[in-house]
Amino acid sequence: MQPGRALLQFLVQINCRPALHQRSGPACSPATGRQACLSHRDQLPRRDRSLRRRNAAKFDTTTAQCLTTRPALVSTQEYRRNVGICLVNSEGLVFAARRVDDSQGTWQMPQGGIDACENPFVAAARELLEETGIRSIEFVAQIDQWIDYEFPTTVQSALTGCWTKYRGQTQKWMLFKFCGSDSEIDLDFADKEFLEYKWAELHDLPEKVVYFKQHVYQLVVLEFGPYIDRIKKAGT
């Protein structure tokens with residue numbers, strides 16, 4: 001795990017230049033890089049997820065590559081590559097949300113798939129922006145190993161399309177500090193992911209998340225707990 005005590009600040013901005021980050025890997029070409037063409041935040045419809053995807057982040061790609069230790073050593077035929085985001089505020093509470101399709105009263109932290117040739121660090125910022133509208137973040141730490149979870153039979157039987165080839169997901173988890181205000185949070189857009197959110201104690205979430213992800217959250221608590229304790233004590 002890399003603490004990043006200087007807390008590199010990466011503000012996910014709409015006011016940005018084209019090709020803010022380049023994807024790496026032999027299968028990529030400049031044409032595959034995302035373009036961010038809007039010149040002002042007000043030009044971005046709040047409900048349009050596709051535009052959020054195209055206007056993702058301002059990152060130093062070299063730094064992002066240094067923050068991820070290795071690619072997933074798991075067959076993509078079995079496990080889908082995924083990133084998990086633990087976002088903590090200055091009070092030491094983490095962002096948790098309830099999915100639109102939730103019927104069990106469960107809460108989870110943001111997560112999402114990693115695109116082909118996409119760096120997990122960049123994917124984490126993109127997913128956070130897409131799902132919550134949050135742009136103002138600082139990197140704190142990551143869990144070096146990839147963590148797998150399997151879909152239970154009831155979930156797997158309901159999967160369709162390309163999802164049917166996966167038995168589960170393999171996740172890279174990252175801890176970010178939220179540097180903005182709650183007014184930045186926006187869950188209301190066309191492809192809505194979450195119904196509501198709250199700020200919660202990290203150690204409470206393993207009991208709140210869906211059962212087949214509980215072991216993942218227990219490890220996240222062990223790994224990120226000390227960092228969050230220090231943030232809580234600092235109060236900034």
Side-chain angles (χ1 to χ4, degrees), residues 1-10 12 63-64 66-70 72 74 79 81-99 102 104-112 114 119-125 127-129 131-132 134-150 168-182 184-185 193-194 196-236:
M1 184 180 297
Q2 302 178 15
R5 294 304 302 160
L7 292 182
L8 302 175
Q9 184 170 8
F10 299 105
V12 182
T63 302
C66 291
L67 295 175
T68 55
T69 56
R70 61 175 174 80
V74 182
Y79 292 88
R81 295 177 75 234
N82 190 277
V83 64
I85 303 112
C86 182
L87 182 71
V88 60
N89 64 15
S90 60
E91 297 177 355
L93 300 176
V94 301
F95 182 94
R98 191 162 64 88
R99 291 179 55 87
D102 172 66
Q104 305 174 43
T106 59
W107 294 80
Q108 69 171 60
M109 290 179 277
Q111 67 174 58
I114 301 172
N119 186 283
F121 182 83
V122 176
E127 285 291 338
L128 191 61
L129 177 63
E131 295 183 355
T132 70
I134 291 174
R135 297 171 299 278
S136 302
I137 56 176
E138 292 178 352
F139 174 78
V140 179
Q142 72 170 359
I143 299 177
D144 288 338
Q145 69 267 35
W146 293 73
I147 310 172
D148 301 344
Y149 70 83
E150 294 191 358
Q169 301 204 85
T170 183
Q171 292 186 310
K172 169 69 74 173
W173 275 88
M174 298 188 185
L175 173 63
F176 293 94
K177 183 180 176 184
F178 181 43
C179 306
S181 65
D182 281 16
E184 185 173 317
I185 301 172
E193 190 89 13
F194 298 124
E196 57 181 327
Y197 78 93
K198 66 179 179 179
W199 295 100
E201 296 284 354
L202 178 61
H203 59 75
D204 288 338
L205 291 184
E207 295 182 356
K208 302 295 184 183
V209 72
V210 66
Y211 71 92
F212 57 88
K213 297 181 185 178
Q214 288 179 345
H215 70 284
V216 176
Y217 277 49
Q218 289 165 356
L219 181 56
V220 170
V221 170
L222 289 175
E223 294 282 349
F224 289 160
Y227 294 95
I228 290 176
D229 287 343
R230 286 198 287 270
I231 290 172
K232 187 183 296 186
K233 288 178 182 178
T236 57

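Computed from a prediction, not measured in an experiment: that's the story for all the values here. Side-chain atoms are counted along with the backbone in the values below, which use heavy atoms only and exclude waters and symmetry mates.
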Contacts of type ring pair (Phe, Tyr, Trp, His ring centres under 6.0 Å), residue Phe212, not counting sequence neighbours: Tyr149
For Glu207, all residues meeting salt bridge (Lys or Arg N to Asp or Glu O under 4.0 Å), sequence neighbours excluded: none
Test item: Pro120 and Trp146 side chains (from C-beta on) under 4.5 Å apart, heavy atoms: yes
Within-4.5 Å side-chain heavy-atom neighbours: Val221 and Leu205: no
Expected output: side-chain Glu184 to main-chain Arg135 donor-acceptor under 3.5 Å: yes
N/O donor-acceptor pair under 3.5 Å between Lys177 side chain and Asn89 backbone: no
Residue list, side-chain contact (heavy atoms from CB on, under 4.5 Å) with Leu219, at least two apart or on another chain: Gln145, Ile147, Glu223
Side-chain heavy-atom pair Arg99, Phe194 within 4.5 angstrom cut-off: yes
Lys232 with Glu91: basic N within carboxylate O range, under 4.0 Å: no
Heavy-atom side-chain proximity of Gln108 to Tyr217 below 4.5 angstrom: yes
Within-4.5 Å side-chain heavy-atom neighbours: Lys208 and Thr106: no
Check: Gln171/Lys213 side-chain N/O donor and acceptor closer than 3.5 Å: no
Set of residues satisfying salt bridge (Lys or Arg N to Asp or Glu O under 4.0 Å) with respect to Asp102, sequence neighbours excluded: Arg98
Partner set under ring pair (Phe, Tyr, Trp, His ring centres under 6.0 Å) for Phe95, not counting sequence neighbours: Tyr197, Trp199
Contacts of Gln214 that satisfy side chain to side chain donor-acceptor pair (under 3.5 Å) - sequence neighbours left out: none
Validation row: Glu127, Pro110 side chains within 4.5 angstrom (heavy atoms): no
Contact check, side chains of Phe224 and Val140, non-hydrogen atoms, under 4.5 Å: no
Whether Asn82 side chain and Gly112 backbone form a donor-acceptor pair below 3.5 Å: yes
